Amino acid sequence: MAFDPVIRSLLDTDLYKFTMWQPMLHRHPQTQALYRFVLRNAPAYPLAELCDEVNAQLDHLCGLFFARDELEYLGSLRFIKPDFVDFLRIFHFQRDFIHAWTDGEHLRIEACGPQVHVMGFEIFVLAIVNELYFRRFDRAAAWAEGRRRLADTIARLRAIGQEPPRAHPFEFFDFGVRRRFARDWQAEVVATLARELPQFFKGTSNVLLARECGLTPIGTMGHEYLQTFQATGVRLRDFQRAALEEWVQEYRGDLGIALTDTVGMDAFLADFDLYFAKLFDGLRHDSGDPVAWGEKALSHYARLRIDPHRKRLVFSDSLDAEKMLSLYRHFGDRVNMGFGIGTKLTNDVGQTPLNIVMKLVEVNGQPVAKLSDAPGKTLSTDETFLAYLRKVFAVR
């Protein structure tokens, strides 16, 4: 078969990779990092079978550069600074920094090197593995089922417009690059939603599709940004405050949604004092009970005497249409909301999606970890460090 590249543009990734990349370049260009690919569920066939194809795709990825018009688009985003665009002008991925190999039936992938050179691999690797994996399934049948399910999702979401209006609008976004069935399928999904539900569908995390479809690119920070500060010289107990402060100094009021579950919501709120609560526009949920999380967030704002109607709660954990609508009906009269939906948009085609991640596991030779509000999402390669992290933040 002729080689068919999965990634054809370096914009075909999540916005938050750029928004985390920029402060790392400005403040921590010397930081070394290790990212590791992890499969969390059982595939239909061993992923080791894809190893040669993955390596060929990585070869192609490392030959890509940003085109002039792509750099102009990034530069048009008011929070992207000119010196970062200049860095991207000469940037390309270094093949020596990423390796894929087999371990029995398992596919192993690691990216290791300067963080500003390896942090961008994550979304591309996940999109590559997903698309190669699903190329072995019946494409026509998957697209037909996907279109049927997408039409059903659109009908369910359109019905919210028939309900009595709430204090705040229903708004959702596509967060589906990493788990998508295929590049072309995500493009169809995003274009269809923009056409059919313009009153509700407000953007996508995919920078390339945002540009092509005239949508708002969506994203702020991910776990890796906060985790990096566990090993950059600040006291471990202070890593969240250090990460949030550097974000504030970098973006000066832009991109004001903070992620809360790097060491759990309770530990986050202990650090999210009046200073940060006023500076950040809102919070993002990514694990644990979303209703309990939202109530904690609103109670926290109430204790700080902050009007929640001027803040936003963003939900992005394993959403589908029914979960979004249920949460909107619960909170829609009390706070601004947003919903980032991924797998159930871009890989809802009748096949079991892969549950894959590529996570930051070491910084400057030291372990880092995430203590999620959902036990299955906790990730660490060092149980001793994980236990210490739990002790420092009093996490059971």
Side-chain angles (χ1 to χ4, degrees), residues 14-15 139-219 257 281-286 289-291 293-294 308-309 311-353:
D14 283 328
L15 177 68
R139 182 180 185 274
W143 278 56
E145 179 63 15
R147 286 171 175 149
R148 185 192 70 77
R149 295 188 182 196
L150 181 60
D152 181 63
T153 294
I154 290 170
R156 288 170 183 262
L157 295 178
R158 189 174 280 140
I160 197 71
Q162 307 304 315
E163 297 183 8
R166 289 173 169 78
H168 301 286
F170 175 76
E171 298 179 342
F172 77 103
F173 331 103
D174 158 51
F175 278 9
V177 185
R178 68 185 58 221
R179 302 279 173 84
R180 68 190 183 189
F181 179 79
R183 178 191 64 249
D184 293 344
W185 175 243
Q186 186 186 21
E188 175 166 325
V189 167
V190 168
T192 301
L193 292 171
R195 182 181 67 248
E196 298 294 329
L197 293 173
Q199 70 275 41
F200 302 138
F201 185 63
K202 298 302 180 180
T204 173
S205 65
N206 187 315
V207 182
L208 180 65
L209 293 181
R211 176 182 178 229
E212 291 178 346
C213 298
L215 295 168
T216 301
I218 304 293
I257 302 296
D281 297 324
L283 305 172
R284 178 162 74 92
H285 169 267
D286 198 50
D289 183 331
V291 173
W293 176 91
H309 292 284
K311 297 297 179 179
R312 179 181 292 270
L313 300 184
V314 176
F315 297 84
S316 61
D317 180 35
S318 304
L319 295 178
D320 57 23
E322 290 306 313
K323 288 180 181 177
M324 289 194 296
L325 294 178
S326 176
L327 288 166
Y328 177 66
R329 290 168 182 140
H330 186 89
F331 291 111
D333 282 323
R334 302 159 65 191
V335 65
N336 288 287
M337 304 182 71
F339 300 93
I341 180 171
T343 305
K344 282 295 184 177
L345 279 185
T346 62
N347 206 338
D348 191 19
V349 297
Q351 303 292 341
T352 301

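Bear in mind that the values here come from a model prediction, so they are computed numbers and not experimental data.
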**Asked** Are side-chain heavy atoms of Leu209 and Glu212 found at a separation under 4.5 Å?
**Response** yes
**Fill in**
Shortest non-hydrogen pair, His309 vs His168, comes out as ND1-NE2, 2.8 Å
**Asked** Going through the distances and angles, do Arg147 and Glu188 end up as a side-chain contact (heavy atoms from CB on, under 4.5 Å)?
**Response** CA-CA 9 Å; Arg147 286 171 175 149; Glu188 175 166 325; 2.7 Å; yes
**Asked** How far does OG1 of Thr204 sit from CD1 of Ile341, to the nearest 0.5 angstrom?
**Response** 12.0 Å
**Message:** Under the criterion side-chain contact (heavy atoms from CB on, under 4.5 Å), I'd like the reasoning laid out for Ile160 against Arg329: C-alpha separation, chi angles, the key distance, then a yes or no.
**Reply:** CA-CA 9 Å; Ile160 197 71; Arg329 290 168 182 140; 4.1 Å; yes
**Request:** Side-chain contact test, heavy atoms from C-beta onward, threshold under 4.5 Å: evaluate it for Arg158 versus Leu197 and give yes or no.
**Result:** yes
**Asked** Hey, what do you get for CG (Leu345) to CH2 (Trp185), rounding to the nearest 0.5 Å?
**Response** 10.0 Å
**Message:** Let me confirm one number: the CD1-OG distance from Ile218 to Ser316, rounded to the nearest 0.5 Å.
**Reply:** 12.5 Å
**Message:** Is any side-chain heavy atom of Asn206 closer than 4.5 Å to one of Val190?
**Reply:** no
**Message:** Just so I know, are the side chains of Leu327 and Val291 near enough to count as touching, which here means a heavy-atom distance under 4.5 Å?
**Reply:** yes
**Asked** So, do Lys344 and Leu319 sit near enough that their side-chain heavy atoms are less than 4.5 Å apart?
**Response** no
**Item:** Whether Phe201 and Phe172 hold their rings parallel, tilted or perpendicular, with breakpoints at 30° and 60°
**Value:** tilted
**Message:** In the structure I gave you, are the side-chain heavy atoms of Met324 and Phe170 within less than 4.5 Å of one another anywhere?
**Reply:** yes
**Request:** May I have the step-by-step check of side chain to side chain donor-acceptor pair (under 3.5 Å) for Asp317 and His285, ending in yes or no?
**Result:** CA-CA 7 Å; Asp317 180 35; His285 169 267; 4.7 Å; no
**Option passing salt bridge (Lys or Arg N to Asp or Glu O under 4.0 Å) with Glu171 (candidates Lys202, Arg166, Arg312)** = Arg312
**Request:** Kindly give the heavy-atom pair with the smallest separation between Ala321 and Thr153, and that separation in Å.
**Result:** CB-CG2, 4.1 Å
**Prompt:** Is the shortest side-chain N to carboxylate O distance from Asp152 to Arg156 below 4.0 Å?
**Reply:** yes
**Prompt:** Looking at CD of Glu322 and CG of Leu157, how far apart are the two atoms once the value is rounded to the nearest 0.5 Å?
**Reply:** 8.5 Å
**Prompt:** Less than 4.5 Å apart, any side-chain heavy atom of Thr343 and any of Asp348?
**Reply:** no
**Item:** Pair Leu215-Phe173, side-chain contact (heavy atoms from CB on, under 4.5 Å): steps then yes or no
**Value:** CA-CA 10 Å; Leu215 295 168; Phe173 331 103; over 6 Å; no
**Request:** Determine whether Lys311 and Leu283 make a side-chain contact, defined as any pair of heavy atoms from C-beta on separated by less than 4.5 Å.
**Result:** no
**Prompt:** When rounded to the nearest 0.5 angstrom, what is the spacing between CZ in Phe175 and CG in Asp14?
**Reply:** 8.0 Å
**Fill in**
Of all heavy-atom pairs linking Ala210 and Thr216, the shortest is CB-C, 4.2 Å
**Asked** NZ/Lys323 to CZ/Phe315 distance, rounded to the nearest 0.5 angstrom?
**Response** 12.5 Å
**Request:** Could you pull out the closest heavy-atom pair between Thr346 and Gly176, with the gap in Å?
**Result:** OG1-O, 2.9 Å
**Closest heavy-atom pair and its distance - Arg149, Glu145** = NE-OE2, 2.7 Å
